[in-house]
Q: 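Would you mind keeping the following structure in view while I ask a few things?
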Amino acid sequence: MTDRRDIPYRFEPTVTAAKLHADHNDLAAGESSGVGATVAGRLMLRRVQGKLCFGTLDDASGSRIQLFAPAAVTPDYEEFCALSVGDWVGASGEVMRTRRGELSVQVEDWRLLAESRRPFPDKWHGIADTDTRYRQRYVDLWVTPGTRRAFEIRSAAVAAIRAELAARGFTEVETPMLHPIPGGAAARPFVTHHNALDCDFYLRVAPELYLKRLIVGGLTRVFELGRIFRNEGLSPRHSPEFTMLELYEAYADYSDMMVLTEDLSAAAATAATGSTEVQVGERSLDLTPPWRRATMVELVSEFTGRELPAVGGADSAAAAASRREAERMGVATEAGWSAARILAEIYERRVESQLWDPTFVCDFPVEVSPLARRHRSSDGLAERFEAVAAGRELANAFTELADPDEQRDRFAAQEHRRRSGDSDAMTTDEDYLRALSYGLPPTGGLGLGIDRLIMLLCGAETIRDVVLFPTLRPTADSGES
RNA sequence: GCCCCUGUAGCCAAGGCCGGCAAGGCAUCGGACUUUUAAUCCGCAGACCGUGGGUUCGAAUCCCACCGGGGGCACCA
C-alpha cells in the first residue's frame with residue numbers, strides 16, 4: 001500500500017514530457033514503444049474510468065504527458081485513482097500511444113512526491129482574479145497559460161543582453177543599492193536606516209553616478225543590470241522596484257547609444273522569441289534596426305501641426321507662443337518655463353503615448369536633463385534621447401556631462417527647484433563632483449528599462465505580468481485569499 | 001490623495017435597476033464504467049453573499065463607512 005505520507009527523499013526522472021513527444025512522434029496509435037521512461041511533475045487532470053485511469057502530467061518542460069494506468073498493471077491502483085489534481089507525482093513505465101492517439105507513459109510504478117492539500121484552481125477557468133494570480137504566483141505559474149512563458153522569455157532576453165554586452169567588451173559590475181545621497185534620476189526615493197552607523201540610507205533610484213565614477217576609474221565599458229527603487233505611484237507601466245540596465249561607454253556619444261539600444265533590443269527579441277516582430281494587443285511592432293530618429297521639436301511640431309520654437313527663455317516670444325500652444329492642447333505650464341521646457345511638457349503629455357513604432361526622441365531641454373551634456377549645435381537643448389515603442393518609454397540616454405563646474409551649476413539649479421517644492425529634484429553629490437574633477441572622458445550612457453522591454457517581447461499590457469512577485473498592498477495574512 | 005468599476009462555496013459564476021427560502025458548472029465526497037482528452041452518467045454535501053453599521057415586517061439586492069482588487073487622474077521615466 002502506498003502511504004500518502006511516505007514521500008521519497010529524492011526522485012530521478014529520466015526524461016521530460018517535451019522530449020518524449022519529440023522522440024516518439026512517429027509512434028502509431030495503439031502501439032507500444034518498448035522503451036521505458038520515468039517522468040515527474042504535477043498532476044493537472046485525472047480521468048478515472050473504472051479499471052482504467054488517465055492522468056495529465058505537467059512537468060514544466062513546456063509540454064505535458066499523459067499517464068495511462070490500467071488496474072491490471074498499476075500498483076496500488078486505488079490510491080493512484082485517488083490522487084488529487086495538483087499533486088506532484090513521479091511515474092515510470094513503458095512509453096506507448098493510446099488507441100485515441102495520445103502519447104502516454106504506462107504507469108508500472110509510481111510515487112507521490114508532494115500532495116496538494118489545497119484544492120487546485122479550476123482546470124477549465126483557471127484563476128480569473130488577477131489579484132490571486134499575482135499574490136499566489138506559485139499557483140498561477142501552473143494554471144495560467146503563458147505565465148511561465150513570460151518568465152522564460154524574460155530569462156532568455158536578459159541572458160542575451162548580457163552575452164551581447166560581454167561580446168562588446170563590457171564589464172558587469174555591482175554598485176551600492178544603499179545610497180547616502182539619492183541621485184542619478186529625478187525620483188523620490190525610499191528611505192531606510194542603518195542601525196550600527198545610525199544614519200539613513202536611500203534605496204537607489206539609479207546607479208548612474210556610481211557607474212560614471214567607474215569610467216573615471218578606468219572601467220571604460222561598464223554596465224549594471226539590477227533592481228532600482230522609486231517611491232512613486234503604481235501603474236501598468238510603473239512598479240516601485242524594477243530592473244534597469246545601465247551602461248556607460250567611454251569615447252562614445254548618444255548616437256552610439258542609439259545603435260547599442262537597437263542592437264541590444266533586437267538581440268534580446270531574437271533570443272527570446274525568435275523574431276524582432278512583436279505583438280502588443282491588436283497591433284504588431286518591428287524592432288529591427290534602424291529605428292526612426294527624430295528630434296522632440298520635430299515630433300511635437302508634427303503632432304500639433306505647427307512649428308514650435310525650441311529656443312527661448314521664459315520671457316521670450318518663443319516661450320509665449322509655446323505656452324499658447326500648450327494651453328490649446330490642454331497642457332498645463334508653469335511661469336518660469338522656457339520654450340524648450342514647455343515643448344518637453346507637450347511631448348510628454350500628448351505625443352509620447354502616440355508613438356507606436358520604435359522611435360528615438362532626440363534632444364531634450366537642458367533644464368530637465370541635469371546630467372546630460374549640452375547639445376553641440378542646438379541652444380538650450382541637451383544631447384539626450386528617449387527610445388519609445390508602443391507609446392511607452394523604453395530607454396533614456398545621453399552624452400554625459402563631464403565638466404565638473406557645469407555639473408556643479410546644474411546641481412545648484414536642482415537644489416533651487418528642490419527648495420521651491422520639487423521633491424524629485426536632485427541634491428548635490430560632492431563626491432561625484434570630485435570624481436568628475438579627476439577627469440571623465442567623453443562618455444555615452446544608456447538606461448534601458450528591462451521590464452518595459454520584456455513587456456514588448458511578451459505583448460504584456462501590464463508590468464505585473466513580467467514581474468514574478470509584483471508589489472501589492474500586503475493583506476492581513478500576506479497573501480491568503 | 002481624487003474619480004469610476006468591482007468583491008456571491010476551494011474555483012468559475014447567475015441573481016442586484018424592480019427587497020420575499022442564494023440558480024448552474026468545475027473540483028471535493030459516495031456509486032457505475034478497460035482507451036479517456038474539461039471523459040460521461042447517478043447521488044450527497046458545501047455560502048456569516050468582502051467587513052461593520054443603517055433603512056425595512058423582511059437586505060446578496062437600497063443607503064453610509066471601511067477593507068481588498070482593477071482602471072483612470074495626479075505623481076512619475
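Only a predicted model underlies this, so the values are computations on that prediction, with no experimental measurement involved. The figures that follow rest on heavy atoms only: side chains count, while hydrogens, waters and symmetry mates do not.
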Q: Taking atom C1' in both C11(B) and G52(B), compute the distance separating them and give it to the nearest angstrom.
A: 27 Å

Q: Rounding to an integer number of Å, can you tell me how far Asn231(A) CG sits from G1(B) C1'?
A: 14 Å

Q: Kindly state which residues belonging to residues 23-39 of chain A come within less than 4.0 angstrom of RNA chain B, counting heavy atoms of the residue only, listed by number.
A: none

Q: Taking atom P in both G54(B) and C12(B), compute the distance separating them and give it to the nearest angstrom.
A: 32 Å

Q: So which nucleotide does G1(B) pair with, by the Watson-Crick or G-U wobble rule with both distances under 3.5 Å?
A: C73(B)

Q: Residues in salt bridge (charged side-chain N to carboxylate O under 4.0 Å, His left out) with Asp109(A), at least two apart?
A: none

Q: Looking at Arg349(A), I'd like to know whether one of its side-chain N or O atoms comes within less than 4.0 Å of OP1 or OP2 on C76(B).
A: no

Q: In the structure shown, which nucleotide is the Watson-Crick or G-U wobble counterpart of G7(B), with both distances under 3.5 Å?
A: C67(B)

Q: Just to be sure I understand the rule, does Arg230(A) reach a base, reach only the sugar-phosphate, or reach nothing, if contact means heavy atoms closer than 4.0 Å?
A: sugar-phosphate

Q: How long is the line joining CG of Asp58(A) and C1' of U37(B), in whole Å?
A: 15 Å

Q: Expressed in whole Å, how much space separates the C1' atoms belonging to C26(B) and C67(B)?
A: 29 Å

Q: When the C1' atoms of A13(B) and C49(B) are considered, how many whole Å apart are they?
A: 13 Å

Q: In whole angstrom, give the distance that lies between atom CE of Met44(A) and atom C1' of C26(B).
A: 14 Å

Q: Tell me which pairs pass ring pair (Phe, Tyr, Trp, His ring centres under 6.0 Å) where either residue lies in residues 67-96 of chain A, with sequence neighbours left out.
A: Phe54(A)-Phe68(A), Phe80(A)-Trp110(A), Trp88(A)-Trp142(A)

Q: If you pin Thr98(A) and Asn396(A) to their nearest nucleotides in RNA chain B, which one's is more 5'?
A: Thr98(A)

Q: Go ahead and name the base partner of A47(B); Watson-Crick or wobble counts if both distances stay under 3.5 Å, otherwise write none.
A: none

Q: Report the nucleotide, chosen from U37(B), C76(B), G72(B), that has the shortest atom-to-atom distance to any side-chain atom of His238(A).
A: C76(B)

Q: Does C21(B) have a Watson-Crick or wobble partner in any strand here, with both distances under 3.5 angstrom, and which is it?
A: none

Q: Would you indicate what Arg392(A) reaches in the nucleic acid, counting non-hydrogen atoms under 4.0 angstrom: base, sugar-phosphate, or nothing?
A: nothing

Q: Please report the distance separating the P of G25(B) from the corresponding atom of C3(B), rounded so that it comes out in whole Å.
A: 42 Å

Q: Using the ring of Phe364(A) (Phe, Tyr or Trp, six-membered ring only), decide whether Arg384(A) places NZ or CZ under 6.0 Å from its centre and within 45 degrees of its axis.
A: yes

Q: Using atom P in both nucleotides, what's the gap between C2(B) and G16(B) to the nearest angstrom?
A: 32 Å

Q: Do you know which of Tyr210(A), Tyr202(A), Phe190(A) makes ring-ring contact (aromatic ring centres under 6.0 Å, His included) with His179(A)?
A: Tyr210(A)

Q: So Tyr77(A), base contact, sugar-phosphate only, or nothing? Heavy-atom distance under 4.0 Å.
A: nothing

Q: How about Ser84(A) and Ser116(A): do any of their side-chain heavy atoms sit closer than 4.5 Å?
A: no

Q: Rounded to the nearest angstrom, tell me the gap between atom CZ in Arg97(A) and atom P in U37(B).
A: 17 Å

Q: Closest to the Phe54(A) side chain: C76(B), C75(B), U35(B)?
A: U35(B)

Q: If I pick the C1' atom on C75(B) and the same atom on A60(B), what distance separates them, to the nearest angstrom?
A: 38 Å

Q: For Phe385(A), give me all partners under ring-ring contact (aromatic ring centres under 6.0 Å, His included), at least two apart in sequence or on another chain.
A: Phe360(A)

Q: Applying salt bridge (charged side-chain N to carboxylate O under 4.0 Å, His left out) as the test, list every pair that has at least one member in residues 348-369 of chain A; sequence neighbours left out.
A: Glu345(A)-Arg349(A)

Q: When rounded to the nearest Å, what value does the distance between P atoms of G31(B) and C44(B) take?
A: 15 Å

Q: For the pair made of CG in Leu234(A) and P in C73(B), what is the distance, rounded to whole Å?
A: 14 Å

Q: Base contacts versus sugar-phosphate-only contacts with protein, heavy atoms under 4.0 Å: please encode nucleotides 28-34 of chain B as B, S and - from 5' to 3'.
A: S----BB

Q: Please determine, for the side chain of Leu45(A), which listed nucleotide (C76(B), A39(B), G71(B)) has the closest atom?
A: A39(B)

Q: Tell me, which pairs form a ring pair (Phe, Tyr, Trp, His ring centres under 6.0 Å) where one or both residues lie in residues 325-352 of chain A, sequence neighbours left out?
A: none

Q: Have a look at Arg64(A) and say if it touches a base, only the backbone sugar-phosphate, or nothing, with a 4.0 Å heavy-atom cut-off.
A: nothing

Q: In whole angstroms, how far is the C1' atom of A74(B) from the CZ atom of Arg237(A)?
A: 14 Å

Q: Could you name each residue pair satisfying side chain to side chain donor-acceptor pair (under 3.5 Å) that touches residues 444-463 of chain A, not counting sequence neighbours?
A: Arg154(A)-Asp451(A)

Q: Please tabulate, one pair per line, all N/O donor-acceptor pairs under 3.5 Å involving side-chain atoms of residues 20-27 of chain A, not counting sequence neighbours.
A:
{"from": "His21(A)", "atom 1": "NE2", "to": "Arg64(A)", "atom 2": "O", "distance (Å)": "2.6"}
{"from": "Asp23(A)", "atom 1": "OD1", "to": "Lys19(A)", "atom 2": "NZ", "distance (Å)": "3.4"}
{"from": "Asp23(A)", "atom 1": "OD2", "to": "Lys19(A)", "atom 2": "NZ", "distance (Å)": "2.7"}

Q: With side chains defined as the heavy atoms from C-beta onward, is the minimum distance between Leu299(A) and Phe303(A) less than 4.5 Å?
A: no

Q: Whole Å only: how far is the CG atom of Asp140(A) from the P atom of C11(B)?
A: 15 Å

Q: Given atom CG of Leu67(A) and atom P of A39(B), what is their separation to the nearest angstrom?
A: 14 Å

Q: Rounded to the nearest 0.5 Å, how far apart are CG of Leu209(A) and CD of Gln407(A)?
A: 7.5 Å

